[in-house]
Amino acid sequence: HEPNNPNSIAQNDVTAIYEDSHGALWVGTRDAGLTRIETSKSENAQYAHFRHDPNDANSLSDNNITVITESRDKPGELWVGTFRGGLHRLDERSGRFVRLKTDSKDAASLNASRIRSIHQSLANSHHLWIGSQANGLYRLDKATMTSERVLLAKAQDAPVALTEIKFVHESPRHPGILWIGDRQGGLWRFNPDVEAGKDRLMQFRFQNSQKDSLINSTVFSICEPDDGYFWVGTNAGLSRFDPSTGFFKNYDWSDGLPVA
């Protein structure tokens, strides 16, 4: 960021980065909204800024950006999550935002203002899985723009109280099965199409007595390379997870990882 220079990002406190299908780079900031950097049309990068405007209902409702993604089946349709203002759909061509309705009295609304993750379902491209802070998991129907809260429970048990969903991941090898990272609860395997039992919901977290458990229950990120393993980033290091066995191989500062 360069003060008084519109051809720079809006702020140096960057909270989200996404490259869209056209090659534009979207940069979300903590308090200064969203910046689009277009480099494909000329040698000089073109910058566009999107911020909350109290006089424009089609602007961002919050300048604190948490997550950005694009619809796989509709290039140019971006979804932007914010920390206090919920979820937005952006039509890149018009630059106009649609704010999703938040109403605690309406079961079909997205009753979550703090959005932490957005994932488009591999099993049904019309659905987005929305992870929130404190309000759990939602499934949004893009066609109707309605949503439902999906409770994580094995059957008649009390629903799991997720603190903060950091990611929702779906393996191309097993579409429909979600891997959910929680800031305090570790890693969850969730199959919404199964009604009950461990095949519906299974938790993986740190266990002091088990050396091949997750290295720490505070998880932040996940990556799945072509070999079928998951790499899970945590507050205490990195875990390589084998979903076929449920075992982890852990790495920390003693293996060369930098110390925070």
Side-chain angles (χ1 to χ4, degrees), residues 15-16 18 20-21 26 28 65-75 77-83 85-90 98-103 106-154 159-195 199-204 219-224 230 232-233 241 243:
T15 52
Y18 184 80
D20 69 21
S21 57
W26 294 82
I65 309 300
T66 55
V67 60
I68 311 161
T69 194
E70 182 180 23
S71 293
R72 294 190 316 275
D73 56 334
K74 193 175 182 181
E77 180 181 75
L78 268 68
W79 297 86
V80 180
T82 66
F83 185 67
L87 183 66
H88 304 69
R89 184 182 66 189
L90 170 64
V98 174
R99 305 174 185 176
L100 269 74
K101 182 177 66 172
T102 300
D103 184 353
D106 184 355
S109 74
L110 181 66
N111 187 27
S113 60
R114 297 186 176 186
I115 307 300
R116 287 301 189 181
S117 62
I118 307 170
H119 170 72
Q120 186 173 5
S121 172
L122 298 180
N124 186 337
S125 62
H126 293 295
H127 290 163
L128 293 180
W129 291 99
I130 311 298
S132 73
Q133 181 172 328
N135 287 68
L137 183 68
Y138 287 82
R139 178 167 47 203
L140 171 72
D141 188 320
K142 295 199 307 167
T144 62
M145 293 290 279
T146 59
S147 62
E148 61 173 323
R149 190 179 183 191
V150 179
L151 299 178
L152 271 64
K154 291 183 179 180
V160 173
L162 297 178
T163 305
E164 181 179 328
I165 297 177
K166 304 300 289 186
F167 60 78
V168 178
H169 174 72
E170 190 176 359
S171 173
R173 295 172 176 83
H174 302 286
I177 296 177
L178 304 180
W179 295 88
I180 300 169
D182 184 50
R183 194 172 186 273
Q184 293 185 1
L187 181 67
W188 296 85
R189 179 189 182 277
F190 177 55
N191 188 344
D193 295 328
V194 174
E195 292 186 0
D199 288 336
R200 176 175 171 85
L201 184 66
M202 186 180 300
Q203 183 183 26
F204 302 89
V219 301
F220 297 113
S221 59
I222 191 169
C223 177
E224 181 185 3
F230 293 168
V232 183
F241 176 60

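Basis for what follows: all heavy atoms, side chains included, without hydrogens, waters or symmetry-related copies.
Note that CH2 of Trp179 and CH2 of Trp188 are 12.5 Å apart. Values are rounded to the nearest 0.5 Å. In this structure, OG on Ser147 lies 9.0 Å from CG on Leu87, to the nearest 0.5 angstrom. The CG atom of Leu122 sits 11.5 Å away from the CD1 atom of Ile177 when rounded to the nearest 0.5 Å. Taking NE2 from His119 and CD1 from Ile165, the interatomic distance works out to 12.5 Å, rounded to the nearest 0.5 Å. Rounding to the nearest 0.5 Å gives a distance of 7.0 Å between OG of Ser132 and CZ of Arg149.
Residues satisfying the ring-ring contact (aromatic ring centres under 6.0 Å, His included) criterion with His169, sequence neighbours excluded, are Phe230. Residues that satisfy the side chain to side chain contact (heavy atoms under 4.5 Å, CB included) test with Val67, not counting sequence neighbours, are Ile115, Ile118. With sequence neighbours excluded, the residues forming a side chain to side chain donor-acceptor pair (under 3.5 Å) with Thr146 are Thr144, listed by chain and number. Shown here are the side chain to side chain donor-acceptor pair (under 3.5 Å) partners of Glu164, two or more places apart in sequence or in another chain: Arg116, Lys166. The ring-ring contact (aromatic ring centres under 6.0 Å, His included) test applied to Trp79 returns no partner, not counting sequence neighbours.
Residue-environment remark: CZ (Arg183) stays at or below the threshold of 12 foreign heavy atoms within 6.0 Å.
Residues His88 and Thr82 meet the side-chain proximity criterion, which asks for heavy atoms closer than 4.5 Å. Contact annotation: the side chain of Asn191 never approaches that of Asp199 to less than 4.5 Å [non-hydrogen atoms, C-beta and beyond]. Residues Gln133 and Thr66 are not in side-chain contact: their nearest non-hydrogen atoms beyond the backbone lie 4.5 Å or more apart. Looking at heavy atoms from C-beta onward, Leu140 lies out of side-chain contact with Leu110 at the 4.5 angstrom threshold. Between Phe190 and Leu137 the shortest side-chain heavy-atom distance falls below 4.5 Å.
Among all heavy-atom pairs drawn from Gln120 and Glu70, the shortest one is OE1-O, 4.1 Å. Scanning both residues, Pro175 and Pro172, for their nearest heavy atoms gives CD-O, 3.5 Å.
The closest donor-acceptor contact from the side chain of Ser71 to the backbone of Lys74 lies at 3.5 Å or more, if one exists at all. The backbone N or O of Leu152 sits nowhere less than 3.5 Å from a side-chain atom of Arg200 that would complete a donor-acceptor pair. Between the side chain of Gln203 and the main chain of Gly186, no donor-acceptor pair closer than 3.5 Å is present. One N or O on the side chain of Asn135 and one on the backbone of Asn111 form a donor-acceptor pair closer than 3.5 Å.
Between the side chains of Trp26 and Asp20, at least one donor N or O lies within less than 3.5 Å of an accepting N or O.
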Would you be so kind as to tabulate the donor-acceptor pairs closer than 3.5 Å made by side chains of residues 123-130, with sequence neighbours excluded?
| unit_1 | atom_1 | unit_2 | atom_2 | d |
| --- | --- | --- | --- | --- |
| Asn124 | OD1 | His126 | N | 3.0 |

